[in-house]
Every structure is written in structure tokens, then in C-alpha cells.
Amino acid sequence: MVCRKSAESVNYLKELNPPQHQAVTHPKGPLMIIAGAGSGKTRVLTYRIAWLIDQGIDPFNILALTFTNKAAQEMRERIERIIGPDARNLWMGTFHSVFAKILRYEGKALGYTSNFSIYDTDDSKSLIKTIIKEFSLDDKVYKPNYVLNRISNAKNSLVSWEMYNENPLFREEDAGARMPEIGRIYKTYAQRCFAANAMDFDDLLYNTNILFRDHLDVLNKYQHKFKHVLVDEFQDTNVSQYLITRKLAAVHQNICVVGDDAQSIYAFRGANIQNILNFKKDYPELITVKLEQNYRSTQNIVNAANSLIKKNKDQLEKNVFSENDEGKKIEVLKSSSDNEEGRAIANMIFEEKVRDGLHNSDFAILYRTNAQSRAFEEALRKLNIKYRIIGGLSFYQRKEIKDLLAYLRFTVNQQDEEAFKRIINLPKRGIGAQTVAKIVVLANEHRVSIWEIVSHIKQYIDGRAANAIAAFAELIQSYMIELEAGKDAHEMATHIAKTTGILRELYADKTVEGLARYENIQELLNSIKQFTDNEEVEDKTLPAFLQTVSLLTTADQEDEDGDHDRVTMMTIHGSKGLEFNHVFVVGLEENLFPSQMMLNNRADLEEERRLFYVAITRAEQNLTLSYAEQRYNWGRLTFCEPSRFLLEIDEQFLKLPKANKPVRKSFDDDNDVISSFGGARKSTFQSTSKAAPAPPSAKQRVLNNLKPVGTAKPAPEHKPSGNFVPSNPSELKAGILVEHPKFGFGKITKMDLMGSSHKATVVFDSHGEKTLLLSFAKLRVVE
DNA sequence: AATTTGTGTATTTTT
DNA sequence: TACACAAATT
């Protein structure tokens, strides 16, 4: 191994403060880095890896586990800039992707082939549903989500289905929840996944544990291979993940974990904050380094965040401080409704861009739930501000994408039951539920796989369904042959898209949706092309692509086009590790943030508080905390109370609601109730303020500062593109001719009132009858 | 078997 | 509201 010269190492080490330096150059043995928000954690991790390589460690012997693939990729690039192309040999990625890779090599020890499928949450849920149905259980009692959660928790604690069924504790719990059959469902679920040569997300970790437990030769190999194990975002690892790293580090004892207990926000999926707290017990020799200087944010922001987080009981002692400018106070923004909140913030962004010369990419809007993005999308669109939404239903969850991927999956792995169910009658080939059920029965009777039946269908049944199935089998077989012949992922996918008829069907569909779907497929094919064209990818086969694709994290989403200058919108969970000049934390209302479901016990509430802490500490210069007084919740207008978290931040850091700028009240706002509602509000607040602490002056001021909205002139006037404007219900009635930007010309046949929002039924010349919600639809009245 | 209509129900965060 | 799923049509 090359031992690099230290000219550069001296350079990069010089940039570090003493604790950072200590962390980077820690020679060997267990190391825990407690890294406060914005303390240069990524830099330390990067430099440490570079430093290790400088010390003569082969990149091939270093394992670095990150929270997202993107983080891994970025880190790899940064290391490459320091040490050169050797960085490519690092083992770096998420737990799931790294161990999926190892399981691909070693899985046969457990009875899986290297082509195993990875079931995503939808697949898992679908299988659970199927099983519940097969057991003739009531899926209103056995809620698939609950059952899946239960199984997931079991696996993450390394409880096998056998152990689950033997343990009376679980049985009692399930009986108490009136779901005594969960153990049986778990068993069947596990067996069915195995039979399908498929692993769900939890299996990737669970099976790795089993692999290392039962196959010491394999464990040994990787223990010796990984001379250094580094774990980022350690506070968000679960027991299953922790045990894997502990086993891997058992020989060399070179384990370095980086984390911040104050930023642990994934307990809901099994992350265990105790991992951090117990780490010392597992490694008595442990050296702990604390990084406490925040380089990211203003003093005001750091101090405000500190004043919040100190309300939590469970935390390590730590003193995060900033030596940056004191900075501006945190602005608290009050709006009368969720839509108003959207407009106010869009306007602030618009003005600030002009005033301070900021770019779209300097702004982020962070919310608790994905559903909250709507109002902001609308408002930003109206001001022509470009944005990107991270998360939500991702590209890969769209129906047409999942369909094509299911074909690819089935081509690679014919055991894949979920993929089979998706594609057997797609496009329509006249194979209905009856036929599929018959096949499943036959497979069970003859104790063979579904594919065995399908590929020899004529031996089992005849009739027209049999012909259709034979054709299907032949199609798949032709794909298998091409795969065997060594075609790469892109060639395969293009060929399959063309020859299944999926593409043809979508092409024929000239509706807007059909067009969009067609484009989505094209986009998927493009991204596969990128995959096979990428020189850093060694394995360009279809199985390799599928593996990568199923383990993409939401943060991994690429910008659709090269345009990076966009306002970012995402959940706070998604914002981890990121930073922005100006951050808006929105929807700060009781029962929304903190979420209603997290109010049951202290631990949950503290996790919500940490979540808020994460949100605040994303901001570099400007922070705006926003809440609305009313909000539509599942179609119902509800009155909201400011979040308790707002009141927990020390008042000296806040600027309470300024007479918040009146924002244009445009005519599409009928679902905003803006006029005063007198006594109603007061009583609502009183009746809902069960959990709120006694009102401090801050709260008083927040609540009293009521202001009328919608009279003064808006800030920047802006024309929506084209002639289309959101329609004004008062000028519409049955019989009027209108034009819609997507659907073209049509005639209104009916006007309705749904709640407080207007609906118009329009018969379009080319698209037939549509019912449009006027608060969203843009219609132009044709003279 | 495919399409349309109606009913009910869930509303957190993600690998 | 809005989506998923079941029942009722064609």
C-alpha cells in the first residue's frame, strides 16, 4: 500500500480545531465523536478517512456507514479530492446498501440466490394483506400497517418468527390488542418472503446478523477485511445495525462512531438512543471527543436551539456554542390560515431575493408531514419561484414505474411473488383473479413454485387463460435468455419496456395523465442509461441496477433537470445533515408539530423536540418559525393553537409576530376563512388547550397580536403565466364557455358548492366531463 | 373480465 | 378531502 506524503495532510489538518484534530488523528481503538449540530462532523469524518489512508490503510479495508447514499457519495468525492482515485475502493454507503451487497455475495449460505429481490414497504404490505385474507381474518381488526410494524420491530430486535411464537409475552400483547394471530402471520410472511427469494428492508439487516452468527467463516472474512469501521449518524442506528458493527469491529476494535444524541429522530423505526449511552459499556477503552463549536449558524440561532433542547431530560452533557456573528432574531410568523402561510412565506422569499441578493437555493421550507407541501407549492408557483420537493411519494413509487420495475424484477427473479402479481395481467391479457388463484392453489398442491406452474402451464390447465399464460411465460423466458446473454441493465429495460406493451399502451393514452406516465417511463429509462454509462459503476447488469434502485433514499433524489437553484421543501426528517441560509419551519401548531400521535409519553415528546432542534439548526443566518390559526385537516377546517415548542424557546431570541405583512387576498381563497369569527375562536382555544403550560407572556403576545389580512396591497405583483388565472366563481355559471390550460375548451354544465369551495362540472371537447375544484383549477372564460 | 360506482376510512416521520 | 377497496354493472 502506498504511503502518501504528508504535504497535503499537514494542510488539511491545519484547518481543524483541537477536538476535531484529535478525532481525525485518533490512531486506533474505539472512538466516539459527539458532534453538535454544525460542528463540522462531515469534515471530521472525511478527513479521518483520508488520514487513515495516509497512514497506509488500504481504502479497501475501510467500511464507512452513512445515513443516505448521497452523503456517502459526497463524502467519497471529498476524500477523492484529498487522496485521489483510490477513494473509490472505500466501502461506503448506507447500512442497507452495504449489507445488501454483502448478502448478494454471501446469501447462498442462507439459501438465497444472488438475485434476491428487495421488497419495499408497499410489497411487504401487500403480502401481509394477502396473508390476512388467506387466513380469513378481518383486515379491519388486523390492520396491515400495524401487523407490519409489529413484525418489523421484532426483526429489528432480532426476534425470529420462531422466537416470537414461543414467547408468551408477545402472545399476550397480541391477544391484548385483539390480534392473537400475528405470530402466525409473521411465520407465513417470513416463509413467503423466503420462498419468493426476497428480503424486505429489515431482512437485509436481520439476515446479515444471522449470516454473521451462523457462518463464522464469513464473519471472520469481513472482520479481518474491515480494519476500520466508521458509523455516521450513530444516534439513528437500531439494535440490529449496532450488533452488526460490533461484530465487524470485534477483531480490530477500530470502531469510530459519530453522532449527536440531540439529533436522534428515528426512534419510530427502531433507532435506539441507548446505543450512544451504552456504547461506553461495550467499549471500556473508549475515547470520547466532543465537538461543540458550531460553525454553521449565528449565535442567536445556536442559543435559541440550546434553550429549547435543554428541556429534554435524556441527553448527554454538551455545550454547543457559536463564535459567528450574533445575527438576527428569529422571526415568528403568524398567519390566519394554511394558505395564507404559504403566500406569506412565498412573498418573503420573493422580497428577500431582491433585497439581499439571495438565490432560491438559499431557502428551505421544512415541515412535519409531507402533506403540508401543498400550500407552499401553490404560492411559490404563483410567484414563479422554482422549487423542488424532496420526499413525498417518490418517483419510484409511481404506478407505471413500479410496473416496469416489477417486470425487471421478475425477469431477474421468477420467485418474486409480488412482482408476479403486479405484471401477470399487465397489459390486460385476460388473466383474472380466478386464474391467479388457481395457479397459487396448483403451486401449493404440487409443492412447486409459481413459476414452475406458469412456465409449464399446459401441463396443468387448458383453455384460453392457459394460452395467455403460456404467452406470458414465453415472454419472460425470452427476457431471461437475453439477460443470460449478458445484456446490460439499459438494454434489458428498453427491450422489456418496448416488448411488454407497457410503453405502447401509455403512448396510445393521450390524456394528460397518460402523457405524464409515458414521460415517467422515459425518465426511468434515462436514469438506467445513466447508471450503465457511469464509469464508476462496475456491475452494469440488471440485478445490480435493481439493487441500487430499491435502496435509494429520499434524500438521494436528483434534480430532474440540471437546475439547482430551487427553493427546497421537505420534511424535517429529510433535512438532516443539510444547511440553508434561510430556513422556514412551518406549521408550528399543537397536534401537528408536535404530532398528535407523539403526545402519549415523555420519550415521544422529547423526540419531537429533538426534531424541532434539528429543524432550527439547519439555518445559517435567518430562521422563520411559522404557524397558522386555522388549517384544513382532512377536509375539515380546524382551529390551531401555537406549538408548545414556540413557547419553549427563550423569548430573548425571538421576534414575535410583527404586524405580519398583509398579503394579497386573491379571489381563489374561498376556502380560507379570514373574517373574524368572534367567540368561536376563543372557546376553541380554551377547549383545546389541555396540555399547554400556563401562558407565559410570550404566548400572550403571540395570541393577542391578531391582525386583519387582505386589505393592503400585496408585495410583488405577479402575473401567472399565460392568460389563465385561478377562476373567480362569481363570474362562472352553467352554460359558460371556458378554456383550461391542460384540457382545452369546454362548457360548464353545473356549479356546486362543496363546503365552502366551489366546484364546476365542465364538459371538455377533447377530455369529456371533469369536475374541477375552483380554488385550484385555472379557467379562462371564453368571450 | 373490465369498468364504473359507491362506500369507508385514515390521516407521521423512512430505510 | 382523497384515496383504496368492494360491490355492482356492462
Side-chain angles (χ1 to χ4, degrees), chain A residues 65-71 93-100 118-122 124-126 129 133 139-140 143-146 148-149 152 155-156 199-206 233 236-238 240-241 264-271 366-372 374 390-394 396-397 399 425-436 464-465 468 550-557 570-576 587 591-599 604 607-608 610-612 614-615 631-638 671 754-757 759 771 773 775-776:
Chain A
L65 298 161
T66 58
F67 198 71
T68 66
N69 294 301
K70 196 178 178 189
T94 62
F95 271 92
H96 292 266
S97 61
V98 166
F99 294 111
I118 296 173
Y119 276 0
D120 67 13
T121 312
D122 288 340
S124 301
K125 214 183 291 174
S126 154
K129 273 186 201 164
K133 219 178 258 175
D139 65 354
K140 269 153 209 150
K143 299 204 176 116
N145 268 326
Y146 180 89
L148 185 57
N149 251 324
S152 175
K155 281 185 193 164
N156 283 330
M199 299 190 201
D200 66 17
F201 289 136
D202 303 317
D203 286 332
L204 293 172
L205 306 172
Y206 177 84
E233 307 283 9
D236 289 324
T237 53
N238 61 35
S240 182
Q241 292 168 319
S264 160
I265 54 176
Y266 280 96
F268 71 91
R269 69 170 202 222
L366 307 181
Y367 34 75
R368 180 63 177 79
T369 70
N370 280 306
Q372 285 167 258
R374 246 292 255 298
I390 297 189
L393 59 168
S394 85
Y396 291 99
Q397 292 177 340
K399 181 183 179 302
N425 200 24
L426 196 136
K428 305 266 145 65
R429 9 173 113 76
I431 302 170
Q434 295 288 327
T435 317
V436 175
R464 62 176 193 286
S550 40
L551 294 174
L552 285 179
T553 60
T554 42
D556 297 329
Q557 286 171 25
M570 59 187 154
T571 63
I572 301 167
H573 284 91
S575 74
K576 196 158 62 144
N591 298 331
L592 180 59
F593 191 13
S595 163
Q596 190 166 22
M597 328 195 84
M598 297 295 259
L599 298 175
D604 281 353
E607 172 148 319
E608 292 285 285
R610 289 191 296 268
L611 193 59
F612 189 36
V614 168
R631 169 178 307 275
Y632 272 89
N633 265 348
W634 54 97
R636 205 151 281 283
L637 185 68
T638 52
N671 43 4
M754 172 182 279
S756 57
S757 58
K759 275 194 320 186
T771 301
L773 205 54
S775 43
F776 299 119

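Here is how names work: the chains are called A, B, and so on, in the same order as the sequence lines, proteins then strands, and each is numbered from 1.
Distances shown here put every side-chain N or O of A:R631 at or beyond 4.0 Å from the OP1 or OP2 atom of C:dT1. A close approach under 4.0 Å does occur between a side-chain nitrogen or oxygen of A:K129 and OP1 or OP2 of C:dC5.
At the heavy-atom level, A:N425 lies under 4.0 Å from the strands shown only through sugar-phosphate atoms. As judged by a 4.0 angstrom heavy-atom cut-off over every strand, A:T435 is placed among residues touching the sugar-phosphate backbone only.
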So A:T571 and A:R368, side chain to side chain contact (heavy atoms under 4.5 Å, CB included) or not? Walk me through it. CA-CA 5 Å; A:T571 63; A:R368 180 63 177 79; over 6 Å; no

So A:L148 and A:T121, side chain to side chain contact (heavy atoms under 4.5 Å, CB included) or not? Walk me through it. CA-CA 9 Å; A:L148 185 57; A:T121 312; 4.2 Å; yes

Should A:L611 and A:M598 be marked as a side chain to side chain contact (heavy atoms under 4.5 Å, CB included) after you check the CA-CA gap, both sets of side-chain angles, and the distance that decides it? CA-CA 12 Å; A:L611 193 59; A:M598 297 295 259; over 6 Å; no

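Between A:L204 and A:A100, the shortest heavy-atom contact is CD2-CB, 4.0 Å.
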Dot-bracket, DNA chain B: Watson-Crick or G-U, under 3.5 angstrom, [ ] crossing, | other strand? ||||||||||.....

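Listed for the A:H573 side chain is a donor-acceptor partner under 3.5 Å among the backbone atoms of A:I265. Proximity of a side-chain donor or acceptor of A:D203 to a complementary backbone N or O of A:Y206 within less than 3.5 Å is not detected. Remark: side-chain polar atoms of A:T638 are paired, donor with acceptor, to backbone N or O of A:R631 under 3.5 angstrom.
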Quick one: what's the B/S/- string for nucleotides 8-15 of chain B, heavy-atom cutoff under 4.0 Å, read 5' to 3'? -SSBBBBB

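Here, B:dT12 and C:dC5 have their C1' atoms 23 Å apart, quoted to the whole Å.
Atoms NE2 and CG, from A:H96 and A:L552 in turn, are 13.0 Å apart once rounded to the nearest 0.5 Å.
Atom C1' of nucleotide C:dA4 and atom NZ of A:K125 are separated by 11 Å, given to the nearest angstrom.
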